[in-house]
Asker: 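Dumping the structure here so I can ask a few things about it.
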Amino acid sequence: MATKALYPGSFDPITYGHLDIVKRAAQLFDELVVAVAVNPNKQSCLSVATRIGLIEDCVAPLKNVVVQQFEGLTIDYAKATSAGVLVRGLRAVSDFEFEFKMSQMNKTLDASVETVFMMAGLEYQFLSSSVVKEVARYGGSVDKAVPPMVARALTDHFASTANVCSA
Ligand code: ADP
């Protein structure tokens with residue numbers, strides 16, 4: 001049976017660390033959905049439409065990867081879309097406790113959906129969307145952290161003084 005996996009996150013913005021996970025997960029599963037969480041209670045920097053557009057550009061060469069948005073519990077979205085696997089990336093130390101708790105909770109909510117953790121690539125262990133935003137906000141180069149179109153979107157975003165967001 002074909003295995004469909006969901007890779008959920010804010011992706012505000014997508015980084016080379018996320019993309020490394022996407023590429024590796026796309027080789028493991030038949031179909032991979034990069035699922036952008038829409039959370040009205042969480043302040044984001046880039047709009048959902050912008051985030052999705054950037055991810056779509058980045059994953060265009062990967063034929064079994066699609067991008068979708070969802071609101072609400074990840075586990076409910078997995079169920080509704082018949083995804084049997086949740087993919088999460090793990091960076092050294094920082095992600096473990098939260099991700100462990102989350103996967104236990106998801107298991108309690110629906111034992112049929114398995115969370116699969118993939119270790120972040122060595123070069124991406126300390127890369128986060130928050131750090132990228134912080135650097136971009138002050139005009140620093142994020143070329144080593146994100147694809148060129150993402151860097152441009154951040155530059156455009158911060159060029160407008162009206163656009164402030166939490167890192
Ligand atoms: P969330 O809001 O769920 O934390 P993120 O967009 O920050 O969403 O991250 C989505 C997923 O990608 C999470 O599993 C996170 O641990 C993982 N991730 C974030 N940054 C990296 C990175 N540099 N390398 C590998 N995985 C990462």
Side-chain angles (χ1 to χ4, degrees), residues 4-29 32-59 62 65-78 81 83-107 109-110 113-137 140-151 153-154 157 165-167:
K4 181 173 176 178
L6 212 66
Y7 179 35
S10 310
F11 305 106
D12 186 35
I14 191 153
T15 69
Y16 281 134
H18 294 127
L19 281 171
D20 178 51
I21 298 286
V22 170
K23 284 178 197 153
R24 288 159 53 202
Q27 290 181 337
L28 291 177
F29 303 106
L32 182 71
V33 178
V34 181
V36 180
V38 180
N39 184 349
N41 299 319
K42 194 169 168 184
Q43 199 184 359
S44 62
C45 185
L46 302 177
S47 70
V48 175
T50 302
R51 280 182 268 159
I52 287 178
L54 290 170
I55 302 169
E56 280 175 342
D57 284 350
C58 294
V59 304
L62 304 169
V65 178
V66 295
V67 188
Q68 292 168 1
Q69 70 180 68
F70 75 101
E71 209 170 329
L73 290 178
T74 305
I75 198 78
D76 288 343
Y77 191 65
T81 55
V85 173
L86 292 180
V87 172
R88 296 291 287 174
L90 270 189
R91 286 160 294 186
V93 192
S94 62
D95 290 325
F96 184 78
E97 198 177 340
F98 175 78
E99 293 292 344
F100 186 69
K101 276 190 281 196
M102 208 57 216
S103 69
Q104 292 302 318
M105 180 52 80
N106 282 332
K107 201 82 198 162
L109 292 170
D110 185 346
V113 177
E114 196 64 53
T115 302
V116 171
F117 293 108
M118 300 185 68
M119 297 305 295
L122 255 191
E123 60 275 54
Y124 310 120
Q125 289 285 339
F126 301 101
L127 179 53
S128 71
S129 299
S130 313
V131 168
V132 166
K133 282 180 278 189
E134 195 60 17
V135 171
R137 179 205 307 272
S141 169
V142 291
D143 291 353
K144 292 203 169 82
V146 297
M149 59 271 209
V150 177
L154 288 171
H157 178 83
C165 64
S166 65

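Positions are given from 1, in the same order as the sequence printed here. As the structure lists them, so they are numbered: ligands from 1, and atoms in each ligand from 1. Everything quoted here is computed from the prediction, not taken from an experiment.
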Asker: Apply ring-ring contact (aromatic ring centres under 6.0 Å, His included) to Phe100 and list each qualifying residue two or more places apart in sequence or on a separate chain.
Answerer: Phe96

Asker: With hydrogens left out, which residues have an atom under 4.0 Å from ligand 1, given that only heavy atoms count?
Answerer: Tyr7, Pro8, Gly9, Ser10, Phe11, Gly17, His18, Ile21, Lys42, Arg88, Gly89, Arg91, Asp95, Glu99, Ala120, Tyr124, Leu127

Asker: Do Gln125 side-chain atoms and Ala120 backbone N/O form a donor-acceptor pair below 3.5 Å?
Answerer: yes

Asker: How about Leu6 and Val87: do any of their side-chain heavy atoms sit closer than 4.5 Å?
Answerer: no

Asker: Do Leu46 and Leu154 have side-chain heavy atoms sitting under 4.5 Å apart?
Answerer: yes

Asker: Inspect the contact between Asp12 and Lys133 and indicate whether a charged nitrogen and a carboxylate oxygen are less than 4.0 angstrom apart.
Answerer: yes

Asker: Can you tell me how far CD of Glu114 sits from OG of Ser103, rounded to the nearest 0.5 angstrom?
Answerer: 9.0 Å

